[in-house]
Each structure stands twice: as C-alpha cells, then as structure tokens.
Protein chains: 2
Amino acid sequence: MDINKTDSQILTLLQYDGRLSNVELAEQINLSPSPCLRRVKQMESKGLIQGYRATLDRVKIGFSMTVFIEVSLNNHSGSASSAFEASVLAMQNVISAYLTSGAADYRLEVVAEDLPDYERILKEVQTLPHVKDIHSNFAIRAIKTAAPLPLTKASGKTKA
Amino acid sequence: MDINKTDSQILTLLQYDGRLSNVELAEQINLSPSPCLRRVKQMESKGLIQGYRATLDRVKIGFSMTVFIEVSLNNHSGSASSAFEASVLAMQNVISAYLTSGAADYRLEVVAEDLPDYERILKEVQTLPHVKDIHSNFAIRAIKTAAPLPLTKASGKTKA
DNA sequence: CGTGAAATAAGACCCGA
DNA sequence: TCGGGTCTTATTTCACG
C-alpha cells in the first residue's frame with residue numbers, strides 16, 4: 001500500500017504504456033532515470049506491478065465472440081468449489097472467472113472463435129464438476145475493455 | 001486475419017511478457033532480431049497488438065472491491081444509448097463495459113476502494129442518463145483475471 | 001537523488017535466397 | 001517476399017558521489 005505521488009504517476013504511465021523506456025518515464029515525472037528505475041523495480045518486487053502484457057485485438061486474432069457465463073454449483077463444499085475452480089483455470093477460453101454474490105456462484109468471461117466454438121465451450125462448461133445451472137449472456141458490443149485503474153485518487157498519503 | 005505460426009508465437013510470448021526485448025523474443029522463436037522486430041511492428045500497425053500495459057494488483061493499489069453492475073435502460077433509442085455509453089466511458093471506476101444480451105442491457109465492471117466508495121459509485125451509476133434498473137454482484141474472489149488469449153488454435157492458416 | 005560509463009538493445013539499411 | 005547481417009543511435013544498468 002502506501003503509494004506516494006511519484007509512484008502513483010509511474011503506475012499510471014505504465015498502465016497506459018507498459019513499454020515506456022525508463023528514460024522517457026523518468027522525464028515525464030521529472031526524475032532522473034536511476035531513482036525512477038529503482039522505484040519501478042521495487043514496485044515489481046512488492047507485487048504492485050504484477051507484470052506487463054501486450055493487449056491484443058480479440059476480433060482481429062480470431063475471437064469474434066465474448067460471452068459471460070454464470071454458473072451455479074449443486075454442491076458448495078470446499079472440495080467441490082476447488083474442483084470446479086481448477087477445471088476453470090485449465091480452460092484456456094475462460095479468460096476471467098470470479099466467485100460472486102447474487103443468484104449464480106461464478107461468472108466466467110469466455111472468448112470463442114465462432115458459434116460452433118462457443119457451443120463446444122458451453123458443453124465443456126456444462127460438464128465441469130458440480131455444475132448445476134448455466135446462463136449465458138453474449139457481449140453484443142464492447143463499450144470499454146480493461147481500462148486502466150484510476151490511481152489519481154489512490155495517491156493521497158505516504159507512510160512517513 | 002491470416003496469422004501464421006511465427007506471428008502467433010510472438011503474440012503468445014508478448015501476452016505473457018510485454019517487456020520482452022526484441023532479441024530475447026527473437027531467440028525464443030528461433031528467428032533473428034531483424035525479421036522479428038519487423039513482424040512485431042507490422043502487427044502493431046495493423047492493430048493486432050493494441051498496446052502494452054502494466055498489470056497492477058488491484059488490492060495492493062487500494063481497490064479492495066470489484067463489482068459487476070448490470071444496468072437496464074428505460075429508453076433504447078440510439079441517442080439514449082449513446083448518452084449512457086458516453087457517461088460510462090467517463091467514469092474512471094468503470095474499468096469495462098459491454099452491451100449484452102439477456103435481462104439487462106449493459107454489464108459494467110467497477111472497482112471501488114471500499115464500501116463508501118462503492119456507494120458513491122453506485123449512486124453515480126443510478127443517475128446516469130436513461131438508467132431504469134440496476135443489479136450489483138460483488139466479486140468475492142478472483143479465480144482468474146485477464147488471462148492471455150489462447151492463440152495456439154487460432155494459428156491455423158495463412159493467406160497465400 | 002543525480003552522474004557517468006560499460007553492456008545491451010533498438011531501429012534503419014542493405015544483401016541474398 | 002522474407003530472413004539475416006551490420007552499423008549507428010538510444011537505452012539499460014550499476015558503480016559511485
């Protein structure tokens with residue numbers, strides 16, 4: 001925690017461009033490269049920065065469909081949940097999964113190449129361990145995807 | 001969109017580490033740096049690679065809550081949708097938003113620092129243009145977030 | 001935190017299959 | 001058309017002040 005103004009600026013810039021060179025980054029926050037790199041490395045080792053990713057255009061690489069699947073389990077024991085979660089982790093077309101409040105237990109975000117591909121995935125989800133019920137909602141259009149986290153507010157105070 | 005094997009390998013590697021240097025990338029796919037860089041640049045300009053992002057730990061930077069908000073509008077005209085979508089784009093705590101099939105019209109993913117922050121955001125969403133109805137589901141735990149897209153299957157054929 | 005220097009990478013250019 | 005080599009410029013990275 002304890003993110004100061006400078007660190008917050010760094011994180012914001014790296015969220016928008018993860019390939020910013022250290023010298024550019026340092027320039028933009030009016031710092032010299034050495035301390036800037038030190039801060040970045042520290043935030044990496046503390047896990048604030050989990051990693052760097054190329055963001056791809058889903059449609060252009062062949063995934064024309066994004067589907068949200070809500071799953072209810074018929075058994076809420078720890079081992080049932082674990083089995084289900086492990087299976088979900090192994091499914092590459094599931095790109096995010098949350099245990100949630102509400103009517104369903106889990107909500108999955110799934111990418112599919114086309115309708116037949118979606119059908120295959122849906123059947124696969126239906127046969128995962130302890131699945132009772134499934135509801136699918138198709139993403140018709142993306143308004144906003146994976147926007148950067150708003151750090152400006154979170155940069156209020158420093159430890160010392 | 002004609003992705004060949006080599007391009008697919010590049011995309012996969014860059015999804016896992018967006019800061020891979022070109023020489024490392026080239027080594028891992030058994031190519032020399034020059035053609036490797038050419039391919040990367042080409043995929044960037046074609047929009048296959050949309051950009052590079054640092055991935056941050058939501059909780060560690062102060063967002064203890066992730067909430068999925070389903071929104072229904074009371075007016076489905078084009079202008080009503082546009083007004084709502086523009087407002088959503090402007091809300092920084094909304095990190096993704098989709099127009100979806102199903103009972104609700106839109107599905108928002110929202111990050112909040114704490115319960116009071118969430119309350120503030122919820123009220124803000126309630127007052128967005130043409131909002132009729134809202135349902136919130138809290139993310140209790142993340143099983144998987146923003147996993148890389150599974151490219152291995154999508155690399156089947158080439159244009160020529 | 002800033003400066004400087006050695007190691008490394010990026011990016012433009014040309015060559016050959 | 002695409003992979004490979006080379007050179008120049010820029011960047012990374014780490015000593016030290």
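On a predicted model such as this, the values are computed, not experimentally measured, just so you know. Per chain, numbering begins at 1; letters A, B, ... match sequence-line order. Heavy atoms only: backbone and side chains are in, while hydrogens, waters and symmetry mates are out.
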Contact pattern, 5' to 3', of nucleotides 4-17 of chain D - B, S or - by protein heavy atom under 4.0 Å: BBB----SBSB---
Range on DNA chain C touched by chain B, heavy atoms, distance below 4.0 Å: dA9(C) to dA12(C)
Donor-acceptor under 3.5 Å (Glu85(B) side chain, Ile143(A) main chain): no
Run the side-chain donor-acceptor check on residues 67-74 of chain B: report pairs under 3.5 Å with partners two or more places apart or on a different chain.
residue	atom	partner	partner atom	Å
Glu70(B)	OE2	Arg107(A)	NH2	3.3

What donor-acceptor contacts under 3.5 angstrom involve side-chain atoms of residues 22-32 of chain B, with partners at least two apart or in another chain?
residue	atom	partner	partner atom	Å
Asn22(B)	OD1	Leu37(B)	N	3.3
Asn22(B)	ND2	Pro33(B)	O	3.0
Glu24(B)	OE1	Ser21(B)	OG	3.4

Of Leu14(B), Leu20(B), Leu13(B), Thr12(B), the residue whose pairing with Tyr16(B) passes side chain to side chain contact (heavy atoms under 4.5 Å, CB included): Thr12(B)
Closest non-hydrogen atom pair, Arg58(B) against Val111(B): CD-CG1, 3.9 Å
Donor-acceptor under 3.5 Å (Ser8(A) side chain, Asn4(A) main chain): no
Smallest separation among heavy atoms of Lys144(A) and Val88(B), with atom names: NZ-O, 3.3 Å
Min side-chain heavy-atom separation Leu56(B)-Leu151(A) under 4.5 Å: yes
Beyond-backbone contact of Arg120(A) with Asn93(A), side-chain heavy atoms, under 4.5 angstrom: yes
ring-ring contact (aromatic ring centres under 6.0 Å, His included) partners of Phe138(B), counting only residues at least two apart: Tyr118(B)
Global bending angle along the helix from dC1(C)-dG17(D) to dA17(C)-dT1(D), which compares the axes of five pairs at either end, to 10 degrees: 30°
